[in-house]
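Worksheet for the structure shown next.
Whatever order the structure lists ligands and atoms in, that order sets their numbers, starting from 1. Here the structure is a predicted model, which means the values were calculated and not measured.
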Amino acid sequence: MSEFGSTINLSLIADQLERVGYIVLRAPLLERLSAQLLLRCQDDDPERFHAARVGRGQAERRIDAIRGDVICWLDGQDCVDQAYLAWMEELRVGLNAALFLGLFDYECHYAIYGSGAGYARHLDVLAGTRNRVLSTVYYLNEAWQAADGGELLLFAPTGDAVIATVKPQFGTMIIFLSESFPHQVLAAHQSRRSIAGWFRVREIG
Ligand code: OGA
Ligand code: MN
């Protein structure tokens, strides 16, 4: 286990994903790792972060009205990013063993929403694909206040009911089934920092 190591409550996560389809965890990672992740989630180096885009390949485009964050993919060469990826790898292996999900890999990026930015209601499934199975978001905002906005709304699989409102507080993580839950990020009134990621299965055909 790395210097950042923290244990994963696998049976709790697997059980709730199976029964409910999503879970909100408080402080699943060590505080020390979270503090290092926050230091990595800074866009002072213009080389690292770029505007997030919607869609993939030919359909990819930037539409501020839909999605207003800047992102930076985690770097497998960086030891802090490695520690986060290692925790997710342990989760991947554990969930495959418990739920036979066939999760094949994991991709994730830091995201910073500036004041006024949000992300309109969407599903984390790219058009024409079904390879994103499980979404994760880990929040890095210290002393987040209600007035700061930026909540994640999770909608019921069908209809318009909001089934969870998640404050993007430091140390909170949500994990949810990508294909089941439309979701939306309300406009933030402060810079809002997070790591968004997806476990994927191998694409068929
Ligand atoms: C995403 C997303 C939610 C959040 O990046 O796809 O929905 O709370 N993020 O940041
Ligand atoms: Mn999303």
Contact check, Trp198 vs ligand 1, heavy-atom distance below 4.0 Å: yes
Gly171 backbone acceptor or donor facing Ser34 side chain under 3.5 Å: no
Nearest protein heavy atom with distance in Å, relative to atom 1 (C) of ligand 1: Tyr119 CE1, 3.7 Å
Residue, atom name and distance, where the atom is the protein heavy atom closest to atom 10 (O) of ligand 1: Arg192 NH1, 2.9 Å
Counterpart residues, side-chain contact (heavy atoms from CB on, under 4.5 Å), relative to Glu31 (two or more places apart): Phe170
From the candidates Val185, Leu153, Leu186, Ile195, the one that places a heavy atom nearest atom 3 (C) of ligand 1: Val185
Asp124 OD1 and His183 NE2 subtending at the Mn ion (ligand 2) (10° steps): 100°
Part of Asp124 with heavy atoms under 4.0 Å of ligand 1, whether side chain, backbone, both or neither: side chain
Sub-4.0 Å heavy-atom approach of His122 to ligand 1: yes
Linked, directly or transitively: Val185 and Trp144 (ILVMFWY side chains, under 4.5 Å): no
For atom 5 (O) of ligand 1, the protein heavy atom that lies nearest, with its residue and separation: Ala196 CB, 3.7 Å
Tyr139: numbered ligand 1 atoms lying under 4.0 Å from its heavy atoms: 4 (C), 8 (O)
Residue Val137 vicinity, atoms of ligand 1 by number, heavy atom under 4.0 Å: 3 (C), 4 (C), 8 (O), 10 (O)
Side chains of Arg48 and Gln42, donor plus acceptor under 3.5 Å: no
Gln190 side chain to Asp148 backbone, donor-acceptor under 3.5 Å: no
CA sep, side-chain torsions, deciding dist, call: Phe155, Phe181, side-chain contact (heavy atoms from CB on, under 4.5 Å): CA-CA 6 Å; Phe155 295 94; Phe181 299 100; over 6 Å; no
Pairwise side-chain contact, Tyr84 with Ile195, heavy-atom cut-off 4.5 Å (strictly under): yes
